[in-house]
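As the structure is a computational prediction, the values presented were derived from the model and not from experiment.
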Amino acid sequence: MVDGGLVLSLLIFRGIEARFGVAYDDAHWTLGLNAAIWLGLALAQLQRMGDLSGLLNRVRAVLAGVFGAIGAMAALVALTAANPLNNGSETQHVLGPVLINTLAAAYLVPALVLLIGAWRLRALDPRVRKAIAGAGALLALVWGFATIRHFWQGGAAMPLYEPMSQPELYTYTVVLLAAGAALFYQSLARRAPGLRKGGWS
């Protein structure tokens with residue numbers, strides 16, 4: 001899984017570079033793909049810890065912490081300073097059509113790495129798995145919001161200081177209502193009160 005994720009991230013990076021002729025080191029998509037690679041390496045160390053014991057296990061734990069910290073820092077910069085919703089510079093313009101663009105590389109790819117990792121690493125402490133899944137969900141939410149913004153505003157007018165149109169606001173409302181209904185349905189199907197609260201909120 002990890003090797004496939006690394007290869008996919010590198011292929012996406014090279015594909016964007018070849019298609020648009022840019023490879024900014026501080027672009028949101030460069031940071032997001034770097035985050036996906038490092039977070040994938042951290043999750044791989046956590047997965048392999050169950051096969052070892054003693055000193056080697058502690059070494060893997062340290063490596064997971066170092067790799068995870070590097071990945072988290074790259075993701076944090078992609079979410080803040082390099083976020084097209086916050087930064088209107090040319091280096092942060094969204095490239096590509098809706099859904100298949102640099103937003104997916106920046107936020108959806110690392111989100112999937114974290115969510116799949118949380119799902120697969122069943123031997124981890126439940127609190128750690130929830131934290132990993134929560135971080136993945138946050139990245140996925142940012143991707144969803146930014147994707148709607150991109151659909152209505154285009155790749156060069158993403159910053160939130162640009163005014164929102166009425167159709168854009170309606171789209172957010174519809175998506176939130178649909179997400180709430182889906183959570184409420186899942187709470188009934190799985191008898192999970194936590195999901196029910198999330199659906200009502």
Novice: Could you pull out all residues at least two apart from Val66 that satisfy side chain to side chain contact (heavy atoms under 4.5 Å, CB included)?
Specialist: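 By the side chain to side chain contact (heavy atoms under 4.5 Å, CB included) rule, Val66 matches Val62, Ile70.
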Novice: Any side-chain heavy-atom pair from Leu103 and Met158 closer than 4.5 angstrom?
Specialist: yes
Novice: Test of understanding: with side chain to side chain donor-acceptor pair (under 3.5 Å), list the residues that count as partners of Tyr170, not counting sequence neighbours.
Specialist: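 Tyr170: side chain to side chain donor-acceptor pair (under 3.5 Å) contacts with Gln166.
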Novice: Among all residues two or more places apart in sequence or in another chain, which pass the side chain to side chain donor-acceptor pair (under 3.5 Å) test with Thr102?
Specialist: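 Thr102 satisfies side chain to side chain donor-acceptor pair (under 3.5 Å) with His28 once adjacent residues are dropped.
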Novice: Within the distance-only criterion (no hydrogens, no angle test), does the side chain of Gln45 pair as donor or acceptor with the backbone N or O of Val59 below 3.5 angstrom?
Specialist: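 Between the backbone of Val59 and the side chain of Gln45 there is no qualifying donor-acceptor contact (under 3.5 Å).
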Novice: Evaluate the side-chain proximity of Trp29 to Asn101: yes if any heavy-atom separation is below 4.5 Å, no if none is.
Specialist: no
Novice: Quick one: side-chain hydrogen bond (donor to acceptor under 3.5 Å, both in side chains) pairs with a partner in residues 136-145, sequence neighbours left out?
Specialist: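 Listed by first then second residue: Trp143-Thr147.
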Novice: With side chains defined as the heavy atoms from C-beta onward, is the minimum distance between Phe151 and Ile148 less than 4.5 Å?
Specialist: no
Novice: Do Phe145 and Leu85 make a side-chain contact, defined as non-hydrogen atoms from C-beta onward lying under 4.5 Å apart?
Specialist: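 Answer yes - side chains close enough.
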Novice: side-chain contact (heavy atoms from CB on, under 4.5 Å) between Leu79 and Tyr107: does it pass, once the steps are laid out?
Specialist: CA-CA 8 Å; Leu79 285 168; Tyr107 307 114; 3.9 Å; yes
Novice: Does any part of the side chain of Leu76, heavy atoms only, come nearer than 4.5 Å to the side chain of Leu31, both counted from C-beta?
Specialist: no
Novice: Tell me if a side-chain donor or acceptor on Asn87 pairs with a main-chain N or O of Ala81 at a distance below 3.5 Å.
Specialist: yes
Novice: With sequence neighbours left out, what residues match Glu168 under side chain to side chain donor-acceptor pair (under 3.5 Å)?
Specialist: Arg149, Gln153, Tyr172
Novice: Are the side chains of Val128 and Leu121 in touch, meaning some heavy atoms are under 4.5 Å apart?
Specialist: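 Side chain of Val128 against side chain of Leu121, heavy atoms only: no contact under 4.5 Å found.
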Novice: Does Arg127 have any side chain to side chain donor-acceptor pair (under 3.5 Å) partners at least two apart in sequence or in another chain, and if so, which?
Specialist: Asp125
